[in-house]
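Counting starts at 1 for both ligands and their atoms, following the listed order.
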Amino acid sequence: MIAEDARPKTQPPVAVLTARDPKDQAARFLEQGAVLLLPDLDFDTAGFEAAMFAQLSDEASKNVSYNPATGELKGTTVEGPVRDQLAELVARYAKWSEDLVRELLPAYSSGLQIGRTSYRPRSADHNMSKRKDDRRLHVDAFPSTPMQGRRILRVFRNVNPNGESRFWRVGEPFADYAGRFLPRARPMAPGLGGLMQALGITRGRRTAYDALMLQLHDQAKDDDAYQAAAPHWDVSFPPGATWLVFTDAVVHAALGGRYAFEQTFYLPVACMENPAASPLKTLERLTGKVLA
Ligand code: SIN
Ligand code: FE
């Protein structure tokens, strides 16, 4: 079932999948650029209040970040048993979201790569630079982790204990967004990708695809006129909601809300039901170049 509640009418922003709905449409909805909302899943945080509502303050970071591959927890100054409890909870969320993706999107399973987990206890800060400000519409692109064409799939969950929703803005279809900003994008200097990798600036080689995606991210966030006038829907996610999004193609902004979990996955384009819907293939079509 598609819930369409606001302008523009060119694309469904949110596809709702309840426990009773068949799962076989999930990949199609996601690949078409919908936010896939799962309103009735359980993820129990009872008993973990001390960790969730601790003063997690680390001035340098807005989120707590966890690496499921190494068990490393970053972005918090909390120590002792509360830290252990936080690590346990975030690790459980990582496992829970991986199980969810494997069940809901079995075709992705063979190529699925597990990225970072985050806990987001705070709402966006008013004192950050435009480019770091996720309240501004953007698609995700990582400066130090080149995707080389792979998709970014994220699983979010609102665990707010005070009944407060998380508020998002969802923008225009990726092809429209890319078409708008591509004319201003500059090609990457030859050899730069290899150099950045050799210097340890990036984990892996930044490709022409990554360079373009970073520019699409930065240009949109820098552009006050775009932020003020871009087509959008506003969407709210109540406590207990889980939502999946390809954040490299769904133009989004997090306007407000506290206490959410997020798990990142990377997915080779070849695992998609419709690889032509990927940002890689879309940008290759629009530029007439091989980008990764
Ligand atoms: C983002 O990816 O821009 C932030 C999403 C969120 O924290 O809800
Ligand atoms: Fe984002």
*Given Thr242 and Arg157, is the side-chain hydrogen bond (donor to acceptor under 3.5 Å, both in side chains) satisfied, shown in steps?*
CA-CA 4 Å; Thr242 305; Arg157 177 157 179 110; 2.8 Å; yes

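For the pair His252 and Val245, the minimum side-chain heavy-atom distance is 4.5 Å or more.
Near Ala254, with a cut-off below 4.0 Å to any heavy atom, the atoms of ligand 1 are 4 (C), 5 (C), 6 (C), 8 (O). Residue contact check: Arg166 has heavy atoms under 4.0 Å from atoms 6 (C), 7 (O), 8 (O) of ligand 1. Within ligand 1, the atoms closer than 4.0 Å to a non-hydrogen atom of Asp134 are 1 (C), 3 (O), 4 (C), numbered from 1 in the order shown. Which parts of ligand 1 touch Phe156 is read off a 4.0 Å heavy-atom cut-off, strictly below it: atoms 5 (C), 6 (C), 8 (O).
Between the side chains of Arg186 and Gln215, no donor N or O sits under 3.5 Å from an acceptor N or O. In summary, the side chains of Gln197 and Thr202 do not present any donor paired with an acceptor at a separation below 3.5 Å, with no hydrogens or angles considered. Checking Thr207 against Gln148 by side-chain atom types alone, no donor-acceptor pair falls below 3.5 Å. A donor-acceptor contact under 3.5 angstrom links the side chains of Asp140 and Thr247, judged on distance only.
None of the N, O or S atoms belonging to Asp134 lies under 2.8 Å away from the Fe ion (ligand 2).
Taking the six-membered ring for Trp and the full ring otherwise, the centers of Phe237 and Phe167 sit at least 6.0 Å from each other.
Among all non-hydrogen protein atoms, the one lying nearest atom 7 (O) of ligand 1 is Arg120 NH1, 2.7 Å. What sits closest to atom 2 (O) of ligand 1 on the protein, heavy atoms only, is His252 NE2, 3.2 Å.
The NE2 atom of His252, the Fe ion (ligand 2) and the OD1 atom of Asp140 define an angle of 100° (nearest 10 degrees).
Note on ligand 1: Glu262 sits outside its first shell, no heavy atom being nearer than 4.0 Å.
The nearest N/O/S atom of His138 to the Fe ion (ligand 2) is NE2.
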